[in-house]
Number of protein chains: 2
Amino acid sequence: MGEQALEKLRACIPLFQALSDTCRQDIILLLTKNDTLTVNEITSELTLSRPAVSHHLKILREQGILKMEQQGTQRYYSLAFENAIDQLKQLIITVEDRCY
Amino acid sequence: MGEQALEKLRACIPLFQALSDTCRQDIILLLTKNDTLTVNEITSELTLSRPAVSHHLKILREQGILKMEQQGTQRYYSLAFENAIDQLKQLIITVEDRCY
DNA sequence: TATAAACGTTTAAACTATTAAACATTTAAA
DNA sequence: TTTAAATGTTTAATAGTTTAAACGTTTATA
């Protein structure tokens with residue numbers, strides 16, 4: 001595979017970890033259905049506490065899967081899948097190029 | 001996003017979990033460099049115990065990332081990335097198709 | 001058939017991640 | 001300038017993961 005492909009794979013660890021959680025996937029699903037939601041709106045749709053939702057939102061935001069816009073006291077979250085998809089595409093290209 | 005894309009994402013959880021571990025990535029790297037290795041050979045290259053290596057091999061095998069061939073008492077492990085890559089490709093296609 | 005080699009599995013301990021309660025911060029409104 | 005609303009952060013408990021030791025299984029060989 002070579003070091004280059006390994007580094008791509010290593011770089012994907014936080015993304016894989018962010019995506020491999022059903023709570024976070026539920027949040028993602030909510031945001032595909034609603035376009036934009038506040039923390040309280042997300043909390044009211046799930047069985048998690050608000051701090052737990054906040055925690056998961058932070059992880060998703062750190063991976064660039066969500067974007068957030070603050071208006072007054074409220075924070076509006078929405079999806080930003082492009083970065084994650086691009087990273088996966090890069091990984092696939094590298095692995096296919098180097099590992100077959 | 002719709003249920004279809006969510007199901008694709010849900011289906012990827014075990015794959016993401018399998019790949020988001022540095023020990024397992026190290027095993028993958030070893031197998032790209034060596035084509036085929038036994039459990040003891042893998043163990044001698046890492047700082048893990050043999051049962052731990054065996055454990056990680058099992059997880060990787062369950063996700064179709066490795067294939068195994070037994071010859072006598074020895075088990076020869078080698079990479080089989082195709083399944084995982086295909087699954088990621090499917091996910092990307094579905095998300096791009098349904099979520100933009 | 002007895003013995004050794006190559007593994008896998010079970011189990012208990014250490015480590016890490018997840019959760020909710022309590023607290024802190026920031027902004028808007030009275 | 002209080003007060004209330006929306007949210008983030010810290011912390012302690014719980015749940016899940018990872019590890020190595022001990023044990024079991026299978027296969028080859030003496």
Side-chain angles (χ1 to χ4, degrees), chain A residues 9-10 12-31 34-80 84, chain B residues 9-31 34-80:
Chain A
L9 199 55
R10 287 262 195 269
C12 282
I13 290 180
L15 177 63
F16 289 150
Q17 285 175 341
L19 291 175
S20 58
D21 180 285
T22 50
C23 295
R24 292 193 280 272
Q25 292 194 351
D26 288 337
I27 292 173
I28 290 171
L29 178 65
L30 277 176
L31 284 168
N34 293 280
D35 211 54
T36 289
L37 291 171
T38 65
V39 179
N40 279 336
E41 285 171 338
I42 293 169
T43 303
S44 71
E45 297 282 339
L46 303 175
T47 56
L48 288 168
S49 71
R50 191 175 51 68
V53 169
S54 195
H55 166 74
H56 290 302
L57 287 172
K58 185 182 185 183
I59 290 170
L60 290 170
R61 202 158 20 107
E62 282 168 353
Q63 291 314 307
I65 297 166
L66 298 184
K67 53 177 184 281
M68 185 267 286
E69 199 182 347
Q70 184 143 9
Q71 286 179 22
T73 63
Q74 288 178 313
R75 296 185 173 195
Y76 292 91
Y77 286 89
S78 55
L79 275 179
Chain B
L9 198 55
R10 287 259 194 271
C12 281
I13 289 180
L15 178 62
F16 289 149
Q17 285 175 340
L19 291 176
S20 58
D21 179 283
T22 50
C23 293
R24 291 193 281 271
Q25 292 193 352
D26 288 337
I27 291 173
I28 289 171
L29 178 66
L30 278 176
L31 285 168
N34 293 279
D35 211 56
T36 290
L37 290 171
T38 65
V39 179
N40 280 336
E41 285 170 340
I42 293 169
T43 303
S44 70
E45 297 281 338
L46 303 175
T47 56
L48 288 169
S49 72
R50 189 174 51 71
V53 169
S54 196
H55 167 73
H56 290 303
L57 288 172
K58 185 181 184 182
I59 290 170
L60 290 170
R61 202 159 20 111
E62 281 168 355
Q63 290 315 307
I65 297 167
L66 299 185
K67 54 177 184 282
M68 185 269 284
E69 199 183 344
Q70 182 143 9
Q71 287 179 21
T73 63
Q74 290 177 313
R75 295 185 173 197
Y76 293 90
Y77 285 89
S78 55
L79 276 177

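All values reported here derive from a predicted model rather than from experimental measurement.
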Working for side chain to side chain contact (heavy atoms under 4.5 Å, CB included), residues A:Ile42 and A:Leu48: CA-CA 9 Å; A:Ile42 293 169; A:Leu48 288 168; over 6 Å; no
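A sub-4.0 Å separation between OP1 or OP2 of C:dT9 and a side-chain N or O of B:Lys58 is present. Checking the phosphate oxygens (OP1, OP2) of D:dT17, no side-chain nitrogen or oxygen of B:His55 falls inside 4.0 Å. The side chain of A:Asn40 contributes no N or O atom lying less than 4.0 Å from OP1 or OP2 of D:dA5.
Per the geometry, CD1 belonging to A:Ile59 stands 16 Å off P belonging to C:dT16, to the nearest Å. In this entry the distance linking CG of A:Asp21 with P of D:dT17 reads 11 Å, nearest Å. When rounded to the nearest whole Å, the span between CG of B:Leu57 and P of D:dA20 equals 14 Å.
Remark: B:Arg10 engages A:Gln25, A:Asp26 in a side chain to side chain donor-acceptor pair (under 3.5 Å) (not counting sequence neighbours).
B:Tyr77 comes within 4.0 angstrom of the backbone, heavy atoms only, and of no base.
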Nucleotide by nucleotide, nucleotides 21-30 of chain C touches protein heavy atoms under 4.0 Å in the pattern (B base, S sugar-phosphate only, - none) BB----BS--
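Expressed to the nearest 0.5 Å, how far CG of A:Leu79 lies from NZ of A:Lys67 amounts to 8.0 Å.
Comparing B:Tyr76 and A:Cys23 by the nucleotide of DNA chain C that holds the closest heavy atom to each, the one mapping nearer the 5' end is B:Tyr76.
Picking from C:dG8, D:dT19, C:dT18 the nucleotide with the shortest atom distance to the side chain of A:Arg24 gives C:dT18.
Here the closest heavy-atom approach between residue B:Tyr77 and residue B:Leu31 is recorded as O-CD2, 3.2 Å. Taking every heavy atom of both residues into account, A:Leu37 and A:Glu41 meet most closely at CA-OE1, 3.3 Å.
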